[in-house]
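Working notes for the structure below.
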Amino acid sequence: MADEVRAKKRISLKETFRSVVPELNEENMLYLQVAVALLVGLLTLFLLWRLLRGTSRGRGILLMGLCESGKTQMFSRLCHGVDVVSVTSIKESSGTYTAGKKSLTLYDLPGHERIRYGAFEKVKKLARGIIFMVDSGTIQKDVRDVADFLYTVLCDGAVQSKVSRVLVVCNKQDLTLARAAPLIQKTLEKEINLLRVTKASQLQSVGEGSNNNSFLGKQGQDFEFSHLGPIKVEFVEAVAKSGENLSPVTSWLQQLA
Amino acid sequence: MLDFFAVITKGGLVLWYFQDVAQQLKTSIDAINALIRNVVLQERGGMDIYTHGNLALKQQLDNEFDLLFVAVYQNILQLSYVDKFLSDVQREFRERYRDDLKEGLYYKIIASGDFQEDYRRILHAAEAQTQLVKAEVKKPRSFHESAKSTKTVSSMIVRGGDREQQRQQQQAAAAKKAAKKEGKAKRRDIECNNNSKETRVEELEPEEDEEDEEEVAETNVLVNGGEIELSSAIETEKKAEDELDEETMRRNREKLFNKRAGPKTPKMDKAKSPKAKGKKGKEATVWDLCGQDSKSLDYSSKGGSGNATQSSLRPDFLPDQSQIGTLSGNLRGMDIPAEKETQKKSSQGGVFSMFRGLVGGKTLTEADLDPVLEKLKDHLIGKNVAAEIAGKLCQSVGKKLEGKVLGTFEGITTTVRNTLTESLVQLLTPKRRLDILRDVVEAKKTGRPYTMAFCGVNGVGKSTNLAKITFWLVENEFRVLIAACDTFRAGAVEQLRTHMHHLNALHPPERHNGQVMVQLFEQGYGKDAAEIARHAIDFSRKNGFDVVLIDTAGRMQDNEPLMRALAKLILVNEPDLTLFVGEALVGNEAVDQLVKFNRALANHSTSNNPQIIDGILLTKFDTIDDKVGAAISMTYITGQPIVFVGTGQTYTDLRNLDAKAVVHALMK
Ligand SMILES: Nc1nc2c(ncn2[C@@H]2O[C@H](COP(=O)(O)OP(=O)(O)OP(=O)(O)O)[C@@H](O)[C@H]2O)c(=O)[nH]1
Ligand SMILES: Nc1nc2c(ncn2[C@@H]2O[C@H](COP(=O)(O)OP(=O)(O)OP(=O)(O)O)[C@@H](O)[C@H]2O)c(=O)[nH]1
Ligand SMILES: [Mg+2]
Ligand SMILES: [Mg+2]
C-alpha cells in the first residue's frame, strides 16, 4: 500500500516536472544532478573560504612606532591590564583584546629599523587598523624619523587596501615636556609634506612590492591627514604607563571591533 | 657580585629580574637595550662580553622558548662563573616554568615572580665553587711573561736581581715598538717622503705617550659602544706583532744595546731613546723608499698621463646629454632580478606551521648545525665575504638556532639557510633613516651647507662617485661645492675640474635661474686638506651652496701620517656624513681597511665621542657579477648602512642598496 502510494507520488512528481520542463528526460536528469552536486560543492568551498578569510583577515591591529615609544607597554596594558618592565623588542608578539563580545588581535611589532619592516611584512595582511605610537616627549627631536616611518607605512600597498583607520597615539603625556596632539599632528603634516617632495619621484625599487609609488594626499595642496581618503587618521593623547589615560585608545578599539 | 640579572622574552618583556640595591633599574635596562641593539641585532651573537660604560654584560639565548638571559656586572670584576651561572639559571628557569613557557603565558610568569629563591641558591652555589677553585690555584702571575723573556733575552744578557726583570720588560716593549716601526717602513709608505715634516713631528713624540694614547683610545672605542670589533682587531694585531721572526728581534736587540752603551741610568735612557729612535726610524724609511721608489711607485707620471687625456675636454668625453633629468628624486634600487621564490617558500611554511604544534620535532644541537654551517660558511666565502666575517656570521646563526625545536616538515639545511638569509637581510637593512635629500633640506633651513666627506684607499672610485653624487644632487636642484682636498695625487684637482665642467655643461646656469650649480673649491697641491675643507665650508656658506662634497686623497690604512691627517680633517670640519668608499671587489682586505680607518678616526680624535665612519659607498658593483660579499663584510664591521652603490662609470650609475636583492644574489 504505502509503496504504491510512494511510487505514485514519485511518478506524479516526475510527471509534474515533465509538464513544467518538457524536454527533460532521464538522460538530462543525470546532468542536472551532476550540476547541482557541483554547485553545492562550490558553494561550500566558497563559504569555507569566506569563513577562513573572515577570521584570519581584518581582525588584526598593529602597534607600530619608533623604539621606546611605548608599544610593548601599551600592548601589555590593553591585552593583560598590567604594567611591565620592558626592553627593546626583537620579535613581534600577539595578544587578544576583548571589547564586549567581540575581540581583536593586537600585534606588538618591534620598532628597531633593522627589523621593523620584516615584522611588518609578516602581519600586514591581517591588519584592520594601525595604532601608531609616538613619544610626545621626544617628538621634536625625532620628527623626521617618525614622519619617515609613518609615511612609509601609509604608502604601503597592503595598508592602503586593507586598513581603514589609523590611530596616532601621542603617548607619555605625563611627561612635563610632552607636546599636545594637535601640535604633533601639525608637525607631522608639515614634515610629510616635505617628504612627498624628497621621495615622490622615487622609482620603484626592484622586488619590493608596490611601496612608495603612490602619492599621499591631494596633488597641489599642502599635505593634511584629512586628505588621505579611504584611510581615516586620528590623533589622541594617552599615557600607557600604569594605564593612567587609555580611554581614547580603548574607545577607538571598541569602534573598530 | 652580579648587579643585575634578567630573563627577557624576544618580544621585549622582562619576565623576571634580580637587582642589586646599588644599581638603578634604568641604568641596567639601558645597558641591556644597548646590548640588544649592538649585539643581538647586529649578528654578533658569537661575541662573549659586551661592555656598556662601566658595565659588562653577558647573554645567553634560549631558542626553544625565545628567551634571553642577561647578566650585568661591573666591568672591573672578572667574574669567571658567569657563563656557567647563566646556563644554570637557564636550566632551572626552564624547568620551573616549562608549561607556561610552552603556552606563551608570559604574563602569568611575571605575576608569579617567585624565582627569587632558586636564583639565590644557584648564585651561592656558583660563588662557592669559584672560591674553591681560587683557593686551589695560587700561582705566580707573571709566569707567562717571564717564560717568554727567558727565551728571547736571557740568552744574551746575564744579570741578576730585580732590575733584570724590569729591564727585560722594557726591552720587550722597545723591541715591539721597533718592530712596529720596521714593519711600517716595510709597507709601501709612499707618502712618508712628501709629508716628511709631519712624519718627523710624529716620531719625535715620546714613545711612552704613544703607548698610553693607544691604550686610552682602545678603551674609548670600547666604551663608546657598538664597535666591539675594533678592540678585538687591535688585539689580534698585537698578537701578530708578538710573533715576530727571530731576525727582527735580534736586530732590535742590537739596536737596544747600542742605545744602552752611552747613558747608564734608566731615566736618562728613556729620555734619550725617542730621539735616537726618531733618527733610526727616519733612516729606515729613506732607505726603504730608495729601494722601492723608482721601480714600483711611478705614481705621478701614471696619474699625469691619465689626467692629460681627461682634462682636455674633448667633445667625445662630454657626457651624454640624454642623461639629464634621469636621476632626479631618490635613487633607484639596483637591477638585480629578484625572484618570488622566497615568498613562495614562506607561504609554504605557513601551511606547514599548522602541523608544527601537533607533531613534536627534533631539537637542534651543535653537532647537527656544525656541518651545515661549515658548508654555508664556505659558500659565503666563495661569494667574497671576508673569511673572518663569514665565520662570525655563521657562529651567530648557530647560536640563534641551537636548542630550537624543528617541525617535522622542516629540514635542518633549509632552516639554517632561511635563518641566515633573514639575518643577512636584517644586517643590510640600515639601522637609521637614510634620506639624504631630506637632511640637505634640513641643513639648508638652518642656514648651513650639508657636508659629506669621502675617504678610502687609493683608486677605489672616490672622485668618480663624488661626481655622480654631485650629478644626483644637481638633478634635485641643489647647488654643490666640491672641495678638492686631494692635494696629494697628481692630477686629482684637474680630474675634479673636468667633472665640474661636464656637470655644468649638462646643467647650464640658464636652466637654473642663472645660478652655477657646481663649483670647484681648490687651493692647489701640497696644502693642508683640513684647512681647505674648512675654507670650502666657509665659502659655501657665504655663497649659498647647499652641499659641500669633500674629496680626500686615497690612502692606505697603514699610512700613519695620512690617517692622522684624515682624522684631523674629520675632526675639524665635522661632516654630516663621513662616507667610506670601498670597492665591491675587495675580499678579506675589507676588514683591515675598515677597522683601521675607524680606529684612526677614533684614536686621533680628542673628543670622547669621536665621529667615525657613518656610511659606506660601495663602488664597482657592476664588475663583480654575483660575488656581492663585500657588502656584507663592510656592513658587518662598521654596523653602518651602505648609502650608495656605484654601478658603472657614467653619472647615472648610482643606486640605492636593495638588501633583499643582494642577499638573494648571495644565497644563490
Ligand atoms: N613616562 C612615560 N613613560 C612611558 C610611557 N609608556 C611607556 N613608557 C616608557 O617608555 C619605555 C619604552 O617602552 P616600551 O613599551 O618598551 O617601548 P617599545 O615601543 O616597545 O620599544 P621597542 O620594543 O624598542 O620598539 C619604557 O621605559 C616605558 O616605561 C608613558 O606613558 N609615560
Ligand atoms: N666599473 C666601475 N668603475 C668605477 C666605478 N667607480 C669608479 N670606477 C673607476 O675606478 C677608477 C678610479 O676612480 P677614481 O674616482 O679616480 O678613484 P679615487 O678613489 O678617486 O682614486 P684616488 O683619488 O687616486 O685615490 C676610475 O677608472 C673609475 O672610472 C664603478 O662604480 N664601476
Ligand atoms: Mg617593544
Ligand atoms: Mg680621487
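By convention in this document, chain letters (A, B, ...) are assigned in the order of the sequence lines, proteins followed by strands, and residues within each chain are numbered from 1. Here the structure is a predicted model, which is why all the values come from computation and not from measurement.
Contact annotation for A:Ile90: both backbone and side-chain heavy atoms come within less than 4.5 Å of a heavy atom of chain B. Of the atoms belonging to B:Tyr106, not a single heavy atom falls under 4.5 Å from chain A. At a 4.5 Å heavy-atom cutoff, A:Arg116 makes no contact with chain B through either its backbone or its side chain. Only the side chain of B:Asp66 comes within less than 4.5 Å of a heavy atom in chain A; its backbone stays farther off. With a 4.5 angstrom heavy-atom cutoff, A:Asp108 touches chain B only via side-chain atoms. Heavy atoms of B:Ile110 lying under 4.5 Å from chain A belong exclusively to its side chain. Interface remark: A:Val82 contributes side-chain atoms only to the contact with chain B (heavy atom separation under 4.5 Å). Of the two parts of B:Ile8, only the side chain, counted from C-beta on, holds a non-hydrogen atom closer than 4.5 Å to a non-hydrogen atom of chain A.
Shortest non-hydrogen contact noted between B:Ile36 and A:Thr88 is CD1-O, 3.6 Å. Contact between A:Leu194 and B:Lys445 at its shortest, heavy atoms only, is CD1-NZ, 4.2 Å. What you find for B:Gly11 and A:Ser89 is that their closest heavy atoms are O-OG, 2.7 Å.
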Any chance you could lay out the side-chain contact (heavy atoms from CB on, under 4.5 Å) test for B:Lys10 and A:Ser93, step after step, and finish with the verdict? CA-CA 9 Å; B:Lys10 287 196 179 162; A:Ser93 44; over 6 Å; no
Stepwise side chain to side chain donor-acceptor pair (under 3.5 Å) test for B:Tyr107 and A:Ser76: CA-CA 9 Å; B:Tyr107 290 86; A:Ser76 308; 2.9 Å; yes
Step by step, would you call B:Asp435 with A:Leu195 a side-chain contact (heavy atoms from CB on, under 4.5 Å)? CA-CA 9 Å; B:Asp435 189 354; A:Leu195 274 184; 3.4 Å; yes
Output, in order, the C-alpha distance, side-chain angles, deciding distance and verdict of side-chain contact (heavy atoms from CB on, under 4.5 Å) for B:Arg37 and A:Arg114. CA-CA 9 Å; B:Arg37 279 169 205 166; A:Arg114 281 257 159 89; over 6 Å; no
Can A:Asp148 and B:Arg433 be said to form a salt bridge (charged side-chain N to carboxylate O under 4.0 Å, His left out), step by step? CA-CA 8 Å; A:Asp148 190 87; B:Arg433 183 180 55 85; 5.1 Å; no
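For the options B:Leu41, B:Leu427, B:Val440, heavy-atom pairs under 4.5 Å to chain A are most numerous at B:Leu41. Options A:Leu109, A:Thr72, A:Asp145, A:Val84 differ in how many heavy-atom pairs under 4.5 Å they form with chain B, and the most are formed by A:Asp145. Counting heavy-atom pairs under 4.5 Å between each of B:Leu428, B:Asp439, B:Val425, B:Val40 and chain A puts B:Asp439 at the top.
The environment of B:Gln24 atom CD is sparse: at most 12 non-hydrogen atoms of other residues, nucleotides or ligands sit within 6.0 angstrom. Applying the 6.0 Å contact sphere to CG of A:Leu177 captures no more than 12 heavy atoms from other residues, nucleotides or ligands. When the shell of 6.0 Å around NZ of B:Lys404 is examined, it contains 12 or fewer heavy atoms from other residues, nucleotides or ligands. Atom CD of A:Gln140 has 12 or fewer heavy atoms from other residues, nucleotides or ligands within 6.0 Å.
Residues A:Glu68 and B:Asn33 have side chains in contact (heavy-atom distance under 4.5 Å, counting atoms from C-beta outward).
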